[in-house]
Colleague: 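Below you'll find the structure I mean.
Not measured: the values here are computed from a predicted model.
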Amino acid sequence: MKSINVALIDDSSIYRELLKMILRSVPDYKFNILFEAETLVGIEDNKQYHEELDVILLDIMMPDIDGVSGIPILQDLFPTSSIIMVSDVESPEVKEECIEKGAMSYIIKSAVQTRLAPEIIAYCNN
């Protein structure tokens, strides 16, 4: 069984639970949640995971620091991790900005059940 280390950054605890349920249901893969956060404030407290962390799932609409502004912060702290945006924002401009700033992918929350695991696996296998 392949193991993938993930961080969940979303201000909704209910949505973080949904993400965990989706990841637990994927056959042949074990998704280890290294940390969860509801804001990017204080995210540097998780820097000890910088060598282990494979993927960061990042929301856009969060208090204090939005996900788009947080992309460079996360890249500095976790330079070898892939960032996948998971958001309700369905704007092509916002998606493009996220990709330009360094996010590997952008998934609309309504499509997360079908797209999330394949996206994570694709980035971790490359």
Colleague: Is there a side-chain contact between Phe31 and Val26 (heavy atoms, below 4.5 Å)?
Modeller: yes
Colleague: CD1 of Ile71 to CG of Asp76: how many Å apart, nearest 0.5 Å?
Modeller: 12.5 Å
Colleague: Measure the spacing between OH of Tyr29 and CD1 of Ile120 and express it to the nearest 0.5 Å.
Modeller: 11.0 Å
Colleague: Does Lys20 pair with Glu17 as a salt bridge, N-O distance under 4.0 Å?
Modeller: yes
Colleague: Indicate, with yes or no, if Leu19 and Met104 share a hydrophobic cluster defined by side-chain heavy-atom contacts under 4.5 Å among Ile, Leu, Val, Met, Phe, Trp and Tyr.
Modeller: yes
Colleague: Step by step, would you call Ile60 with Met85 a side chain to side chain contact (heavy atoms under 4.5 Å, CB included)?
Modeller: CA-CA 7 Å; Ile60 290 179; Met85 307 305 292; 3.6 Å; yes
Colleague: Indicate the atoms forming the closest heavy-atom contact of Asp11 with Pro63, along with that distance.
Modeller: CB-CD, 3.7 Å
Colleague: Given side chains that start at C-beta, do those of Leu74 and Ser81 come closer than 4.5 Å, heavy atoms only?
Modeller: no
Colleague: Hydrophobic cluster membership, with links at side-chain heavy-atom distances under 4.5 Å among I/L/V/M/F/W/Y: are Ile9 and Leu34 in one?
Modeller: yes
Colleague: Closest heavy-atom contact between Ser3 and Asp54?
Modeller: O-OD2, 4.3 Å
Colleague: Ile65, Val86: one ILVMFWY side-chain cluster at the under-4.5 Å cut-off?
Modeller: no
Colleague: Take Thr80 and His50 through the test side chain to side chain contact (heavy atoms under 4.5 Å, CB included) and record every step on the way to the result.
Modeller: CA-CA 8 Å; Thr80 61; His50 76 280; over 6 Å; no
Colleague: Provide the closest heavy-atom pair for Ile43 versus Ala37 in the form atom of the first, atom of the second, distance.
Modeller: CD1-CB, 3.8 Å
Colleague: Set out, in order, the CA-CA distance, both residues' side-chain angles and the distance that settles side chain to side chain contact (heavy atoms under 4.5 Å, CB included) for Glu44 and Leu77, then state yes or no.
Modeller: CA-CA 7 Å; Glu44 62 277 355; Leu77 292 171; 4.1 Å; yes
Colleague: Given 3.5 Å as the limit, does a donor-acceptor pair link the side chain of Ser87 with the main chain of Asp59, or not?
Modeller: no
Colleague: Could you check if a side-chain atom of Leu23 sits within less than 4.5 angstrom of a side-chain atom of Leu116, using non-hydrogen atoms only?
Modeller: yes
Colleague: State, with a plain yes or no, whether a side-chain heavy atom of Ile84 is found less than 4.5 Å away from one of Tyr106.
Modeller: no
Colleague: If you group Ile, Leu, Val, Met, Phe, Trp and Tyr by side-chain heavy-atom gaps below 4.5 Å, do Ile56 and Tyr15 land in one group?
Modeller: no
Colleague: Asn5 vs Val55, test: side chain to side chain contact (heavy atoms under 4.5 Å, CB included). Steps then yes/no.
Modeller: CA-CA 7 Å; Asn5 295 323; Val55 176; over 6 Å; no
Colleague: Indicate yes or no: at least one non-hydrogen side-chain atom of Met61 is less than 4.5 angstrom from one of Asp66.
Modeller: no
Colleague: How would you list, by chain and number, every residue that makes a side-chain contact (heavy atoms from CB on, under 4.5 Å) with Glu90, sequence neighbours excluded?
Modeller: Ile108
Colleague: According to a hydrophobic-cluster definition based on side-chain heavy atoms being under 4.5 Å apart (Ile, Leu, Val, Met, Phe, Trp, Tyr only), do Ile33 and Leu58 belong together?
Modeller: no
Colleague: Within the 4.5 Å heavy-atom criterion, are Glu38 and Asp10 side-chain neighbours or not?
Modeller: no
Colleague: Check whether Arg16 reaches the backbone of Leu8 with its side chain - one donor and one acceptor, N or O, closer than 3.5 Å.
Modeller: no
Colleague: Any donor and acceptor pair, going by atom type alone, linking the side chain of Tyr123 with main-chain N or O of Ser82 inside 3.5 Å?
Modeller: no
Colleague: When rounded to the nearest 0.5 angstrom, what is the spacing between SG in Cys98 and CD in Glu93?
Modeller: 11.5 Å
Colleague: Does Lys47 count as lying over the ring of Phe78, i.e. NZ or CZ under 6.0 Å from the six-ring centre, within 45 degrees of the axis?
Modeller: no
Colleague: What are the two closest non-hydrogen atoms of Arg115 and Ser105, and how far apart are they?
Modeller: NH2-OG, 3.9 Å
Colleague: Taking the side chain as every heavy atom from C-beta outward, state whether Lys101 and Val68 have any atom pair closer than 4.5 Å.
Modeller: yes
Colleague: Measuring only between side-chain heavy atoms, which start at C-beta, is Asn32 closer than 4.5 Å to Ile4?
Modeller: no
